[in-house]
Amino acid sequence: MNEKEIWKNVLGEIELQISKPNFLTWLKNSQLVSLDKKQGVGLVGLPNNFAKEWVKNRYHKIILTSIRNLEGSIKNLDYVVVSQNKDSLNEIKDVKKTSNETSQSSLIDVKTDPKTNLNPKYTFKNFIIGSSNELATAASQAIIKSIGKKYNPLFIYGGVGLGKTHLLQATGNEIIEHYNNSISVLYISSEKFINDVVWALRNKRTEDMKKKYRDVDVLIIDDIQFIGGKAATEQEFFYTFNTLYENNKQIIISSDRPPTAIPTLEERLRSRFEGGMIADITYPDYEMRLAILKTKAQNQGIFVEDGILEQIASKVQRNMRELEGVFNKVIFYQQYKNQKIDNKKLDEIISEAIQVTPKNITANDIIRVVAEFFEVPSSDMTNKSRKQEIVEPRQIAMFLMRDTLKMSYPHIGEKLGKRDHTTAIHACEKISSEINQNPALNQKIVLIKERLYKM
Ligand code: ADP
Ligand code: MG
(Lines give C-alpha, C1' and ligand atoms only; values in the text may rest on other atoms or scores of the structure.)
(Ligands and ions follow the chains in the order given, each with its own letter.)
Protein backbone atom coordinates (compact mmCIF):
# COMPACT_ATOMS: atom_id res chain seq x y z
CA MET A 1 0.00 0.00 0.00
CA ASN A 2 1.22 3.49 -0.74
CA GLU A 3 0.71 6.50 1.55
CA LYS A 4 -2.56 7.41 -0.06
CA GLU A 5 -4.06 3.97 0.35
CA ILE A 6 -2.84 3.64 3.90
CA TRP A 7 -4.34 6.97 4.78
CA LYS A 8 -7.65 6.13 3.16
CA ASN A 9 -7.76 3.04 5.32
CA VAL A 10 -6.79 4.92 8.45
CA LEU A 11 -9.46 7.54 7.83
CA GLY A 12 -12.01 4.84 7.21
CA GLU A 13 -11.22 3.38 10.61
CA ILE A 14 -11.26 6.69 12.42
CA GLU A 15 -14.48 7.76 10.79
CA LEU A 16 -16.17 4.91 12.58
CA GLN A 17 -14.77 5.98 15.93
CA ILE A 18 -15.42 9.71 16.18
CA SER A 19 -18.44 11.89 15.53
CA LYS A 20 -19.16 12.88 11.96
CA PRO A 21 -18.86 16.65 12.51
CA ASN A 22 -15.49 16.16 14.16
CA PHE A 23 -14.35 13.89 11.42
CA LEU A 24 -15.39 16.31 8.71
CA THR A 25 -13.93 19.33 10.43
CA TRP A 26 -10.60 17.96 11.50
CA LEU A 27 -9.67 14.99 9.41
CA LYS A 28 -11.36 15.22 6.08
CA ASN A 29 -8.61 17.37 4.61
CA SER A 30 -5.75 15.51 6.21
CA GLN A 31 -3.17 13.46 4.41
CA LEU A 32 -0.27 11.17 5.01
CA VAL A 33 2.63 13.17 3.67
CA SER A 34 5.29 10.53 4.11
CA LEU A 35 6.06 7.29 5.86
CA ASP A 36 9.60 6.63 6.93
CA LYS A 37 9.60 2.95 7.74
CA LYS A 38 13.29 2.95 8.63
CA GLN A 39 12.92 5.64 11.25
CA GLY A 40 9.46 4.45 12.11
CA VAL A 41 7.88 7.88 11.69
CA GLY A 42 4.84 8.98 9.74
CA LEU A 43 4.22 12.58 8.76
CA VAL A 44 0.62 13.71 8.86
CA GLY A 45 -0.38 16.86 6.95
CA LEU A 46 -3.20 19.16 8.03
CA PRO A 47 -4.50 22.22 6.19
CA ASN A 48 -3.75 24.77 8.89
CA ASN A 49 -2.07 25.26 12.21
CA PHE A 50 -5.25 25.15 14.15
CA ALA A 51 -6.25 21.79 12.73
CA LYS A 52 -2.72 20.53 13.25
CA GLU A 53 -2.75 21.33 16.96
CA TRP A 54 -6.25 20.01 17.36
CA VAL A 55 -5.57 16.69 15.67
CA LYS A 56 -2.24 16.26 17.42
CA ASN A 57 -3.81 16.81 20.81
CA ARG A 58 -6.98 14.83 20.36
CA TYR A 59 -6.54 12.16 17.77
CA HIS A 60 -2.87 11.25 17.94
CA LYS A 61 -3.52 7.99 19.76
CA ILE A 62 -6.21 6.65 17.50
CA ILE A 63 -4.33 7.65 14.36
CA LEU A 64 -1.18 5.97 15.59
CA THR A 65 -3.01 2.80 16.59
CA SER A 66 -4.77 2.56 13.32
CA ILE A 67 -1.64 3.23 11.25
CA ARG A 68 0.30 0.63 13.23
CA ASN A 69 -2.30 -1.94 12.41
CA LEU A 70 -1.32 -1.46 8.80
CA GLU A 71 2.36 -0.62 9.16
CA GLY A 72 3.79 -2.23 12.28
CA SER A 73 7.12 -0.47 11.84
CA ILE A 74 5.65 2.96 12.62
CA LYS A 75 6.41 4.08 16.16
CA ASN A 76 5.53 7.72 16.09
CA LEU A 77 3.87 10.48 14.15
CA ASP A 78 4.78 14.05 13.35
CA TYR A 79 2.38 16.70 12.12
CA VAL A 80 2.88 19.45 9.53
CA VAL A 81 0.78 22.12 7.92
CA VAL A 82 0.22 21.45 4.25
CA SER A 83 -1.78 24.29 2.85
CA GLN A 84 -4.13 23.18 0.16
CA ASN A 85 -5.02 26.56 -1.13
CA LYS A 86 -1.51 27.80 -0.76
CA ASP A 87 -2.26 30.86 1.21
CA SER A 88 -1.10 34.00 -0.45
CA LEU A 89 -0.70 35.42 3.01
CA ASN A 90 1.98 32.88 3.68
CA GLU A 91 3.49 33.81 0.39
CA ILE A 92 4.03 37.34 1.55
CA LYS A 93 5.34 36.21 4.89
CA ASP A 94 7.51 33.41 3.67
CA VAL A 95 9.20 34.81 0.60
CA LYS A 96 12.57 34.35 2.17
CA LYS A 97 11.87 30.96 3.57
CA THR A 98 10.75 29.30 0.38
CA SER A 99 14.15 28.16 -0.77
CA ASN A 100 14.69 25.77 2.11
CA GLU A 101 11.14 24.58 2.02
CA THR A 102 11.09 23.47 -1.57
CA SER A 103 12.84 20.26 -0.70
CA GLN A 104 9.95 19.35 1.52
CA SER A 105 7.19 20.60 -0.69
CA SER A 106 8.24 18.22 -3.44
CA LEU A 107 7.08 15.47 -1.12
CA ILE A 108 3.73 17.06 -0.84
CA ASP A 109 1.16 16.60 -3.47
CA VAL A 110 -0.29 20.08 -3.67
CA LYS A 111 -2.71 20.12 -6.52
CA THR A 112 -4.01 23.61 -6.12
CA ASP A 113 -2.20 26.22 -8.18
CA PRO A 114 -0.70 28.58 -5.60
CA LYS A 115 -0.99 31.55 -7.93
CA THR A 116 -4.68 31.25 -8.68
CA ASN A 117 -5.81 28.97 -5.83
CA LEU A 118 -7.59 26.97 -8.47
CA ASN A 119 -7.75 23.21 -8.23
CA PRO A 120 -7.72 21.53 -11.64
CA LYS A 121 -9.97 18.75 -10.37
CA TYR A 122 -12.96 21.08 -10.69
CA THR A 123 -13.92 21.26 -14.34
CA PHE A 124 -17.05 21.67 -16.39
CA LYS A 125 -16.40 18.24 -17.77
CA ASN A 126 -17.20 16.61 -14.47
CA PHE A 127 -19.90 19.09 -13.54
CA ILE A 128 -23.39 17.79 -14.16
CA ILE A 129 -25.85 20.37 -15.38
CA GLY A 130 -29.55 20.10 -14.64
CA SER A 131 -32.50 22.32 -13.93
CA SER A 132 -31.19 23.08 -10.43
CA ASN A 133 -28.03 24.78 -11.65
CA GLU A 134 -28.82 25.63 -15.25
CA LEU A 135 -29.08 29.36 -14.78
CA ALA A 136 -25.98 29.65 -12.62
CA THR A 137 -24.00 27.56 -15.08
CA ALA A 138 -25.22 29.49 -18.11
CA ALA A 139 -24.32 32.78 -16.43
CA SER A 140 -20.85 31.47 -15.56
CA GLN A 141 -20.27 30.33 -19.09
CA ALA A 142 -21.48 33.60 -20.53
CA ILE A 143 -18.91 35.37 -18.38
CA ILE A 144 -16.10 33.29 -19.78
CA LYS A 145 -16.78 34.68 -23.21
CA SER A 146 -17.21 38.25 -22.13
CA ILE A 147 -15.20 38.90 -19.03
CA GLY A 148 -16.18 41.90 -16.96
CA LYS A 149 -18.79 43.00 -19.45
CA LYS A 150 -21.79 40.81 -19.26
CA TYR A 151 -22.76 40.01 -15.69
CA ASN A 152 -20.78 41.91 -13.14
CA PRO A 153 -20.69 40.90 -10.41
CA LEU A 154 -22.05 37.43 -10.80
CA PHE A 155 -23.52 36.37 -7.49
CA ILE A 156 -24.28 32.67 -7.09
CA TYR A 157 -26.05 31.39 -4.05
CA GLY A 158 -27.28 28.04 -2.83
CA GLY A 159 -27.20 25.67 0.12
CA VAL A 160 -24.24 23.75 1.37
CA GLY A 161 -22.91 21.02 -0.89
CA LEU A 162 -24.85 22.03 -3.98
CA GLY A 163 -21.80 22.72 -6.12
CA LYS A 164 -21.01 26.42 -5.71
CA THR A 165 -17.32 25.92 -5.17
CA HIS A 166 -17.18 23.44 -8.00
CA LEU A 167 -18.85 25.87 -10.38
CA LEU A 168 -16.71 28.83 -9.34
CA GLN A 169 -13.51 26.85 -9.65
CA ALA A 170 -14.52 25.33 -12.97
CA THR A 171 -15.21 28.81 -14.28
CA GLY A 172 -11.78 29.99 -13.16
CA ASN A 173 -10.08 26.98 -14.71
CA GLU A 174 -11.94 27.44 -17.93
CA ILE A 175 -10.98 31.11 -18.15
CA ILE A 176 -7.31 30.24 -17.71
CA GLU A 177 -7.56 27.65 -20.43
CA HIS A 178 -9.69 29.64 -22.82
CA TYR A 179 -7.38 32.65 -22.69
CA ASN A 180 -4.18 30.68 -22.58
CA ASN A 181 -3.17 32.11 -19.24
CA SER A 182 -3.29 35.69 -20.47
CA ILE A 183 -6.09 36.56 -18.06
CA SER A 184 -5.20 36.50 -14.39
CA VAL A 185 -7.63 34.77 -12.07
CA LEU A 186 -7.62 34.67 -8.29
CA TYR A 187 -9.89 32.42 -6.28
CA ILE A 188 -10.20 33.03 -2.56
CA SER A 189 -12.50 31.93 0.21
CA SER A 190 -13.89 34.82 2.18
CA GLU A 191 -12.33 33.28 5.26
CA LYS A 192 -8.89 33.69 3.67
CA PHE A 193 -9.77 37.16 2.52
CA ILE A 194 -10.68 38.09 6.08
CA ASN A 195 -7.43 36.63 7.38
CA ASP A 196 -5.47 38.55 4.77
CA VAL A 197 -7.10 41.84 5.66
CA VAL A 198 -6.61 41.32 9.37
CA TRP A 199 -3.01 40.28 8.90
CA ALA A 200 -2.24 43.20 6.59
CA LEU A 201 -3.80 45.71 8.93
CA ARG A 202 -1.84 44.37 11.86
CA ASN A 203 1.42 44.26 10.01
CA LYS A 204 0.94 47.51 8.15
CA ARG A 205 1.14 45.73 4.83
CA THR A 206 -2.14 46.91 3.38
CA GLU A 207 -0.44 48.12 0.21
CA ASP A 208 0.80 44.63 -0.65
CA MET A 209 -2.61 43.23 -0.02
CA LYS A 210 -4.38 45.86 -2.10
CA LYS A 211 -2.05 45.21 -4.97
CA LYS A 212 -2.59 41.49 -4.80
CA TYR A 213 -6.35 41.77 -5.05
CA ARG A 214 -6.61 44.71 -7.34
CA ASP A 215 -4.19 43.48 -9.95
CA VAL A 216 -6.29 40.55 -11.08
CA ASP A 217 -8.64 40.36 -14.04
CA VAL A 218 -11.05 37.95 -12.43
CA LEU A 219 -11.59 37.84 -8.68
CA ILE A 220 -13.59 34.91 -7.34
CA ILE A 221 -14.71 35.07 -3.72
CA ASP A 222 -16.31 31.97 -2.25
CA ASP A 223 -18.73 31.96 0.70
CA ILE A 224 -19.01 35.73 1.06
CA GLN A 225 -21.56 35.36 3.87
CA PHE A 226 -18.67 35.14 6.34
CA ILE A 227 -17.61 38.70 5.55
CA GLY A 228 -20.86 40.18 6.88
CA GLY A 229 -20.40 42.07 10.11
CA LYS A 230 -16.62 42.43 9.88
CA ALA A 231 -16.28 46.15 9.34
CA ALA A 232 -12.63 46.39 8.32
CA THR A 233 -12.95 43.48 5.92
CA GLU A 234 -16.14 44.77 4.40
CA GLN A 235 -14.61 48.14 3.82
CA GLU A 236 -11.54 46.65 2.23
CA PHE A 237 -13.68 44.42 0.10
CA PHE A 238 -15.83 47.34 -0.94
CA TYR A 239 -12.80 49.32 -2.14
CA THR A 240 -11.40 46.31 -3.93
CA PHE A 241 -14.76 45.68 -5.48
CA ASN A 242 -15.07 49.24 -6.73
CA THR A 243 -11.57 49.36 -8.14
CA LEU A 244 -12.08 46.13 -10.04
CA TYR A 245 -15.55 47.08 -11.14
CA GLU A 246 -14.50 50.46 -12.47
CA ASN A 247 -11.74 48.82 -14.44
CA ASN A 248 -14.15 46.34 -15.99
CA LYS A 249 -12.63 43.44 -14.14
CA GLN A 250 -14.84 40.48 -13.46
CA ILE A 251 -16.04 39.62 -9.97
CA ILE A 252 -17.70 36.32 -9.11
CA ILE A 253 -19.13 35.75 -5.68
CA SER A 254 -20.80 32.83 -3.97
CA SER A 255 -22.85 32.69 -0.83
CA ASP A 256 -25.08 30.24 0.96
CA ARG A 257 -27.97 32.74 0.74
CA PRO A 258 -29.01 35.73 -1.34
CA PRO A 259 -27.54 39.16 -0.56
CA THR A 260 -30.72 40.32 1.14
CA ALA A 261 -30.48 37.45 3.59
CA ILE A 262 -27.00 38.24 4.89
CA PRO A 263 -28.17 40.24 7.87
CA THR A 264 -24.94 41.98 8.73
CA LEU A 265 -23.94 42.93 5.22
CA GLU A 266 -23.43 46.63 4.74
CA GLU A 267 -26.08 48.26 2.63
CA ARG A 268 -23.68 49.61 0.02
CA LEU A 269 -22.22 46.17 -0.57
CA ARG A 270 -25.63 44.62 -0.79
CA SER A 271 -26.76 47.05 -3.43
CA ARG A 272 -23.56 46.47 -5.39
CA PHE A 273 -24.27 42.77 -5.42
CA GLU A 274 -27.80 43.33 -6.47
CA GLY A 275 -26.62 45.49 -9.35
CA GLY A 276 -25.14 42.48 -11.12
CA MET A 277 -26.53 39.08 -11.93
CA ILE A 278 -27.88 36.86 -9.17
CA ALA A 279 -28.38 33.17 -9.88
CA ASP A 280 -29.27 30.43 -7.48
CA ILE A 281 -28.49 26.75 -7.29
CA THR A 282 -31.24 24.58 -5.86
CA TYR A 283 -31.53 20.91 -5.02
CA PRO A 284 -30.78 18.60 -7.92
CA ASP A 285 -33.41 16.07 -8.92
CA TYR A 286 -33.00 12.30 -8.89
CA GLU A 287 -31.68 12.00 -12.46
CA MET A 288 -29.06 14.60 -11.80
CA ARG A 289 -27.97 12.95 -8.58
CA LEU A 290 -27.66 9.64 -10.33
CA ALA A 291 -25.67 11.26 -13.12
CA ILE A 292 -23.27 12.74 -10.57
CA LEU A 293 -22.71 9.31 -9.05
CA LYS A 294 -22.26 7.58 -12.37
CA THR A 295 -19.77 10.17 -13.56
CA LYS A 296 -17.85 9.77 -10.35
CA ALA A 297 -17.66 6.01 -10.66
CA GLN A 298 -16.64 6.28 -14.27
CA ASN A 299 -13.96 8.87 -13.63
CA GLN A 300 -12.47 6.74 -10.90
CA GLY A 301 -12.73 3.60 -12.99
CA ILE A 302 -14.70 1.85 -10.27
CA PHE A 303 -17.54 -0.56 -10.75
CA VAL A 304 -20.55 -0.12 -8.52
CA GLU A 305 -23.82 -1.90 -9.20
CA ASP A 306 -26.45 0.33 -10.76
CA GLY A 307 -28.92 -0.69 -8.08
CA ILE A 308 -26.68 0.70 -5.39
CA LEU A 309 -26.10 3.98 -7.19
CA GLU A 310 -29.85 4.30 -7.72
CA GLN A 311 -30.53 3.77 -4.07
CA ILE A 312 -27.96 6.32 -3.03
CA ALA A 313 -29.38 8.82 -5.50
CA SER A 314 -32.89 8.31 -4.28
CA LYS A 315 -32.04 8.58 -0.59
CA VAL A 316 -29.43 11.32 -0.44
CA GLN A 317 -31.20 14.37 -1.74
CA ARG A 318 -30.03 17.57 -0.25
CA ASN A 319 -26.29 17.74 -0.28
CA MET A 320 -23.94 16.56 -3.01
CA ARG A 321 -21.09 16.37 -0.57
CA GLU A 322 -23.09 13.84 1.40
CA LEU A 323 -23.90 12.04 -1.81
CA GLU A 324 -20.19 11.74 -2.50
CA GLY A 325 -19.53 10.81 1.10
CA VAL A 326 -21.89 7.87 0.87
CA PHE A 327 -20.40 6.88 -2.46
CA ASN A 328 -16.87 6.96 -1.06
CA LYS A 329 -17.87 4.90 1.92
CA VAL A 330 -19.50 2.31 -0.26
CA ILE A 331 -16.29 2.10 -2.28
CA PHE A 332 -14.33 1.82 0.90
CA TYR A 333 -16.32 -1.15 2.16
CA GLN A 334 -16.32 -2.73 -1.24
CA GLN A 335 -12.66 -2.32 -2.12
CA TYR A 336 -10.81 -2.36 1.15
CA LYS A 337 -13.01 -4.45 3.32
CA ASN A 338 -14.23 -6.70 0.57
CA GLN A 339 -17.72 -6.47 1.94
CA LYS A 340 -20.80 -6.94 -0.10
CA ILE A 341 -23.01 -3.91 0.21
CA ASP A 342 -26.50 -5.12 1.02
CA ASN A 343 -29.49 -2.91 1.71
CA LYS A 344 -28.93 -2.96 5.43
CA LYS A 345 -25.32 -1.86 5.14
CA LEU A 346 -26.26 0.82 2.65
CA ASP A 347 -28.95 2.21 4.93
CA GLU A 348 -26.46 2.25 7.74
CA ILE A 349 -23.93 4.18 5.68
CA ILE A 350 -26.58 6.59 4.50
CA SER A 351 -28.02 7.33 7.91
CA GLU A 352 -24.51 8.03 9.20
CA ALA A 353 -23.84 10.43 6.38
CA ILE A 354 -27.04 12.37 6.10
CA GLN A 355 -27.44 15.31 8.36
CA VAL A 356 -30.59 16.86 9.57
CA THR A 357 -32.29 18.83 6.84
CA PRO A 358 -31.44 22.53 6.95
CA LYS A 359 -33.68 24.59 9.11
CA ASN A 360 -33.61 27.90 10.83
CA ILE A 361 -30.93 28.07 13.43
CA THR A 362 -32.13 28.46 17.03
CA ALA A 363 -30.40 29.50 20.23
CA ASN A 364 -30.37 25.88 21.32
CA ASP A 365 -28.62 24.88 18.10
CA ILE A 366 -25.92 27.40 18.88
CA ILE A 367 -25.49 26.06 22.39
CA ARG A 368 -25.35 22.51 21.15
CA VAL A 369 -22.89 23.15 18.32
CA VAL A 370 -20.60 25.28 20.47
CA ALA A 371 -20.65 22.67 23.24
CA GLU A 372 -19.94 19.94 20.72
CA PHE A 373 -17.12 21.94 19.22
CA PHE A 374 -15.41 22.45 22.56
CA GLU A 375 -16.43 19.03 23.78
CA VAL A 376 -18.04 20.33 26.93
CA PRO A 377 -21.49 19.32 28.20
CA SER A 378 -24.10 21.77 26.94
CA SER A 379 -25.78 21.61 30.33
CA ASP A 380 -22.71 23.34 31.78
CA MET A 381 -23.25 26.21 29.40
CA THR A 382 -26.86 26.74 30.37
CA ASN A 383 -26.45 26.37 34.13
CA LYS A 384 -24.59 28.58 36.52
CA SER A 385 -21.35 26.61 36.28
CA ARG A 386 -18.25 28.72 36.78
CA LYS A 387 -15.84 26.14 35.45
CA GLN A 388 -12.93 27.76 33.66
CA GLU A 389 -13.33 25.62 30.54
CA ILE A 390 -16.86 26.89 30.07
CA VAL A 391 -15.92 30.57 29.96
CA GLU A 392 -14.85 30.77 26.34
CA PRO A 393 -17.55 28.50 24.90
CA ARG A 394 -20.18 30.45 26.74
CA GLN A 395 -18.86 33.79 25.50
CA ILE A 396 -18.72 32.51 21.95
CA ALA A 397 -22.27 31.21 22.20
CA MET A 398 -23.41 34.61 23.46
CA PHE A 399 -21.61 36.33 20.63
CA LEU A 400 -23.19 34.01 18.05
CA MET A 401 -26.66 34.49 19.46
CA ARG A 402 -26.24 38.20 19.08
CA ASP A 403 -24.44 38.04 15.76
CA THR A 404 -26.55 35.50 13.91
CA LEU A 405 -29.91 35.62 15.71
CA LYS A 406 -29.96 39.27 16.79
CA MET A 407 -31.20 38.21 20.20
CA SER A 408 -31.56 40.80 22.94
CA TYR A 409 -28.89 40.89 25.66
CA PRO A 410 -31.30 40.05 28.50
CA HIS A 411 -32.57 37.10 26.50
CA ILE A 412 -29.03 35.90 25.79
CA GLY A 413 -28.07 36.21 29.46
CA GLU A 414 -31.18 34.29 30.44
CA LYS A 415 -30.41 31.45 27.99
CA LEU A 416 -26.86 30.95 29.18
CA GLY A 417 -27.05 30.41 32.90
CA LYS A 418 -29.53 33.10 33.89
CA ARG A 419 -26.88 35.76 33.72
CA ASP A 420 -27.32 39.48 33.83
CA HIS A 421 -27.62 41.34 30.52
CA THR A 422 -24.37 43.20 31.28
CA THR A 423 -22.53 39.86 31.23
CA ALA A 424 -23.93 39.21 27.77
CA ILE A 425 -22.93 42.67 26.56
CA HIS A 426 -19.45 42.22 27.93
CA ALA A 427 -19.08 38.80 26.26
CA CYS A 428 -20.29 40.01 22.88
CA GLU A 429 -18.05 43.06 22.93
CA LYS A 430 -15.07 41.06 24.05
CA ILE A 431 -15.42 38.47 21.32
CA SER A 432 -16.14 40.95 18.56
CA SER A 433 -13.07 43.01 19.40
CA GLU A 434 -10.84 39.98 19.86
CA ILE A 435 -11.96 38.28 16.71
CA ASN A 436 -9.98 40.78 14.65
CA GLN A 437 -6.80 40.35 16.61
CA ASN A 438 -6.81 36.68 17.35
CA PRO A 439 -6.72 34.46 14.27
CA ALA A 440 -7.22 31.29 16.32
CA LEU A 441 -10.41 32.67 17.80
CA ASN A 442 -11.55 33.82 14.40
CA GLN A 443 -10.90 30.39 13.01
CA LYS A 444 -12.89 28.71 15.77
CA ILE A 445 -15.85 30.95 15.12
CA VAL A 446 -15.68 30.42 11.38
CA LEU A 447 -15.68 26.68 11.92
CA ILE A 448 -18.55 26.79 14.36
CA LYS A 449 -20.58 28.93 11.99
CA GLU A 450 -19.82 26.62 9.15
CA ARG A 451 -21.11 23.75 11.22
CA LEU A 452 -24.22 25.66 12.18
CA TYR A 453 -25.03 26.49 8.59
CA LYS A 454 -24.44 22.93 7.56
CA MET A 455 -27.10 21.61 9.89
P1 ADP B 1 -20.70 24.01 -2.11
O2 ADP B 1 -19.49 24.85 -2.42
O3 ADP B 1 -21.95 24.57 -2.72
O4 ADP B 1 -20.87 23.72 -0.66
P5 ADP B 1 -19.24 22.01 -3.56
O6 ADP B 1 -18.96 22.73 -4.83
O7 ADP B 1 -18.12 21.88 -2.62
O8 ADP B 1 -20.52 22.61 -2.83
O9 ADP B 1 -19.82 20.57 -3.94
C10 ADP B 1 -19.79 19.47 -3.06
C11 ADP B 1 -19.30 18.26 -3.80
O12 ADP B 1 -20.29 17.83 -4.72
C13 ADP B 1 -18.05 18.55 -4.60
O14 ADP B 1 -17.18 17.47 -4.50
C15 ADP B 1 -18.55 18.73 -6.01
O16 ADP B 1 -17.59 18.32 -6.95
C17 ADP B 1 -19.78 17.84 -6.04
N18 ADP B 1 -20.83 18.40 -6.91
C19 ADP B 1 -21.75 19.32 -6.57
N20 ADP B 1 -22.55 19.62 -7.60
C21 ADP B 1 -22.11 18.87 -8.63
C22 ADP B 1 -22.53 18.71 -9.99
N23 ADP B 1 -23.54 19.41 -10.50
N24 ADP B 1 -21.84 17.83 -10.75
C25 ADP B 1 -20.81 17.13 -10.25
N26 ADP B 1 -20.38 17.22 -9.00
C27 ADP B 1 -21.01 18.08 -8.18
MG1 MG C 1 -18.12 25.73 -1.16
Side-chain angles (χ1 to χ4, degrees), residues 20-21 24-25 28-29 47 84-85 111-112 117-141 154-174 187-194 220-227 252-258 261-262 278-300 302 304 309 312-313 316-331 353-355 357-358 446-447 449-455:
K20 185 176 153 70
L24 289 179
T25 309
K28 208 187 103 217
N29 294 320
Q84 303 185 312
N85 295 333
K111 293 200 199 103
T112 303
N117 290 334
L118 291 172
N119 187 325
K121 81 170 180 190
Y122 293 113
T123 62
F124 278 112
K125 243 174 59 209
N126 58 17
F127 190 67
I128 308 294
I129 302 168
S131 56
S132 71
N133 61 10
E134 221 169 358
L135 177 67
T137 309
S140 305
Q141 287 177 334
L154 170 62
F155 190 104
I156 290 172
Y157 74 90
V160 173
L162 296 183
K164 300 181 297 294
T165 298
H166 192 141
L167 180 57
L168 259 49
Q169 288 253 349
T171 306
N173 281 322
E174 184 77 20
Y187 166 94
I188 187 117
S189 67
S190 75
E191 187 190 335
K192 283 241 165 66
F193 185 80
I194 294 167
I220 305 176
I221 300 212
D222 206 354
D223 286 323
I224 195 98
Q225 71 273 8
F226 292 125
I227 275 188
I252 309 175
I253 297 164
S254 87
S255 165
D256 66 348
R257 64 201 88 170
I262 309 178
I278 301 184
D280 67 343
I281 300 186
T282 58
Y283 298 117
D285 57 18
Y286 169 80
E287 277 71 32
M288 193 168 157
R289 300 196 295 272
L290 187 59
I292 291 177
L293 291 172
K294 287 194 165 161
T295 313
K296 245 189 124 50
Q298 208 169 39
N299 287 347
Q300 295 183 16
I302 291 169
V304 187
L309 295 184
I312 301 175
V316 187
Q317 304 173 345
R318 297 178 80 89
N319 182 329
M320 297 314 99
R321 201 170 292 132
E322 286 174 359
L323 191 81
E324 291 186 342
V326 170
F327 175 86
N328 289 337
K329 243 182 175 168
V330 165
I331 303 299
I354 295 190
Q355 297 173 2
T357 45
V446 168
L447 290 167
K449 277 190 178 168
E450 221 182 303
R451 213 179 271 183
L452 269 173
Y453 294 136
K454 271 185 195 154
M455 284 191 324

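Counting starts at 1 for both ligands and their atoms, following the listed order.
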Within ligand 1, which atoms have a heavy atom of Asn133 less than 4.0 Å away?
23 (N)

Measuring from the heavy atoms of Gly159, does anything fall under 4.0 Å of ligand 1?
yes

Please check if the number of heavy atoms outside Gln298 that lie under 6.0 Å from its CD is greater than 12.
no

Shortest non-hydrogen pair, Ala136 vs Asp280, comes out as CB-O, 4.0 Å

Can you tell if the side chain of Asp285 reaches within under 4.5 Å of the side chain of Ser132, non-hydrogen atoms only?
no

Based purely on interatomic distance, does Val160 place a nitrogen or oxygen under 3.5 Å from a nitrogen or oxygen of ligand 1?
no

Return yes when Gly158 approaches ligand 1 closer than 4.0 angstrom through a heavy atom, no otherwise.
no

Taking only non-hydrogen atoms of Gly161 and a 4.0 Å limit, the atoms of ligand 1 in range are 1 (P), 3 (O), 4 (O), 8 (O)

Top protein contact for atom 6 (O) of ligand 1, by heavy-atom distance:
His166 N, 2.8 Å

Residue pair Ser189 / Asp222, side-chain donor-acceptor N/O under 3.5 Å:
no

To the nearest 0.1 Å, how far is atom 25 (C) of ligand 1 from its closest protein heavy atom, and which atom is that?
Asn126 O, 3.2 Å

Would you say Leu167 and ligand 1 have an N/O pair spaced under 3.5 Å apart?
no

Can a side-chain donor-acceptor contact be found between Asn173 and Thr123 if the only test is distance below 3.5 angstrom?
no

Evaluate Asp223 against Glu191 for side-chain contact (heavy atoms from CB on, under 4.5 Å), listing each step before the verdict.
CA-CA 8 Å; Asp223 286 323; Glu191 187 190 335; over 6 Å; no

Tell me, please, if Thr165 has any N/O/S atom, main chain or side chain, under 2.8 Å from the Mg ion (ligand 2)?
yes

Identify the closest protein heavy atom to atom 23 (N) of ligand 1: which residue and atom is it, and at what distance?
Ile128 O, 2.8 Å

Would you call the rings of Phe127 and His166 parallel, tilted or perpendicular if under 30° counts as parallel and over 60° as perpendicular?
tilted

Sub-4.5 Å side-chain heavy-atom contact between Ile292 and Arg289
no

Report yes if some heavy atom in the side chain of Phe327 is under 4.5 Å from a heavy atom in the side chain of Val316; otherwise report no.
no

From the options Lys121, Met320, Lys125, Lys296, select the one whose nearest heavy atom is closest to atom 18 (N) of ligand 1.
Met320

Checking heavy atoms under 4.0 Å, the part of Thr165 that sits near ligand 1 is both

Under 3.5 Å between some N or O of ligand 1 and some N or O of Gly163?
yes

Among Arg321, Glu322, Met320, find the residue that satisfies the side chain to side chain contact (heavy atoms under 4.5 Å, CB included) test when tested with Val160.
Arg321

Report yes if Met288 has an N/O atom closer than 3.5 Å to an N/O atom of ligand 1; otherwise report no.
no

Looking only at protein heavy atoms, identify the closest one to atom 7 (O) of ligand 1 and say how far it is in Å.
Arg321 NH2, 2.9 Å

Students should be able to answer this: which protein heavy-atom is nearest to atom 11 (C) of ligand 1, and at what distance?
Glu324 OE1, 3.5 Å

Under 4.5 Å between any side-chain heavy atoms of Gln317 and Tyr283, yes or no?
no

Using a heavy-atom cut-off of under 4.0 Å, does the side chain or the backbone of Ile129 touch ligand 1, or both, or neither?
neither

